[in-house]
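These notes concern the structure reproduced below.
Worth saying up front: this structure is predicted, and the values here are computed from it rather than measured. No hydrogens, no waters, no symmetry mates; every other heavy atom, side chains included, goes into these values. In what follows, chains are A, B, ... by sequence order, proteins preceding strands, each numbered from 1.
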Amino acid sequence: MTSTDHPFGRTTTTLDELHGCVDVTDAKRVLNSIGVAKPDKAVEGFLDQMPTLLAWLDEHGRDYPWRRASDPWQIYASEILLQRTRSDAVADIYPEFFAQFPSARCLLEADEEDLRSIVHPLGFVNHRVRTLREAAELCAEVQDEVPADLEALQQPWRVGPYTARACLLFAFDQPMALVDTNTARIVGRVFDYPLPEQPHKSTRVQRLLDALAPDNPALARAFNLALLDLGALVCTSENPNCPACPLAEGCEYAQTGDV
DNA sequence: TTCCGGGTTT
DNA sequence: AAACCGGGAA
């Protein structure tokens, strides 16, 4: 639980420590296989910037309530709410949602219309209600426990790789990388990596980020949150604010001005 | 692999 | 009106 005492995990580290918990070799291999120029220099440069990235999180990271949650069900449910939706919209309904449905059992016993109306502002209402209720049934069958295992989570719980991994990372302190449009866009720009149409389904992007994510629970938490927030606040899809970016020094996009 | 789902924000 | 967003289904 120590890594969740601070919502951002651990935001201080050293280059030495990072070299011991980042799979530099595999990251270079992935970049090499896709034809990125100077993969060695690119990965070392990224590693050099990682302490700065984590320090940036400490100063600018967003303090959302789900980042302070420790209950696995609440973390799982939050991730369902966050799928394809802006975080601020989730923050708006978060207090009411968990006042009404603090546990899987409460959600099951609640009136479905209440659930629908609370989730309504987020969109994807049918999908979210179905997912939450079916997962809540599974959860209630086993004393409100959420499985701490990727395979056990994905198909049965009606979530994909992103949400399953987010549960393991944020609820069970298992170090791993999250691939969404934000994290993919960042590595795409930093490494001048030509992203596929649906980056979140690319095994190569997943492998690259997995290699780069520190193999340490508190650092992995900070690493992922830093990329998520950087993608939302600085490295935005439109008009990125490169001068304010902690990764700019080692970033192809920031250096060349465009991709 | 492609297609679609659904609100809100811009 | 168009952009924004993961995952299941076609």
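Rounding to whole angstrom units, CD of residue A:Gln198 and P of C:dA9 are separated by 16 Å. In this structure, the CD atom of A:Glu197 is 18 Å from the P atom of C:dG7, given to the nearest Å. Look at CZ on A:Arg130: it is 15 Å from P on C:dG7, rounded to the nearest Å.
Picking from C:dG7, C:dC4, B:dG6 the nucleotide with the shortest atom distance to the side chain of A:Asn126 gives B:dG6. Closest approach to the A:Arg86 side chain among B:dT9, C:dC4, C:dG8 is made by B:dT9 (side chain taken as heavy atoms from C-beta onward).
The phosphate of C:dA3 has neither OP1 nor OP2 within less than 4.0 Å of any side-chain N or O from A:Ser237. Between A:Gln83 and the phosphate of C:dC5, there is no side-chain N or O to OP1/OP2 separation shorter than 4.0 Å. When the side-chain nitrogen and oxygen atoms of A:Thr181 are compared with OP1 and OP2 of C:dC4, none of them lie within a distance under 4.0 Å.
For the side-chain contact (heavy atoms from CB on, under 4.5 Å) with A:Trp56, the lone residue among A:Leu230, A:Leu247, A:Thr11 that qualifies is A:Leu230.
Classification of the A:Tyr94-A:Phe98 ring pair by plane angle, with boundaries at 30° and 60°, yields tilted. Ring orientation note: the planes of A:Phe46 and A:Phe223 are nearly perpendicular, at an angle over 60° on the 30°/60° scale.
At the heavy-atom level, A:Phe124 lies under 4.0 Å from base atoms of the strands shown. No engagement by A:Thr131 is indicated, since no non-hydrogen atom pair under 4.0 Å with the nucleic acid exists.
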Output field dot_bracket for DNA chain C (Watson-Crick or G-U, both distances under 3.5 Å, | for other-strand pairs) contains |||||.||||

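Sorted by first and then second residue, the side chain to side chain donor-acceptor pair (under 3.5 Å) pairs with a member in residues 227-237 of chain A read A:Arg62-A:Asp229, A:Arg67-A:Asp229; sequence neighbours excluded.
Residues A:Thr12 and A:Asp58 form no side-chain contact, since every pair of their non-hydrogen atoms from C-beta on lies 4.5 Å or further apart. Between A:Leu228 and A:Thr183, some side-chain heavy-atom pair lies under the 4.5 Å cut-off.
On the P atoms, B:dG6 is 14 Å away from C:dA10, given to the nearest whole Å.
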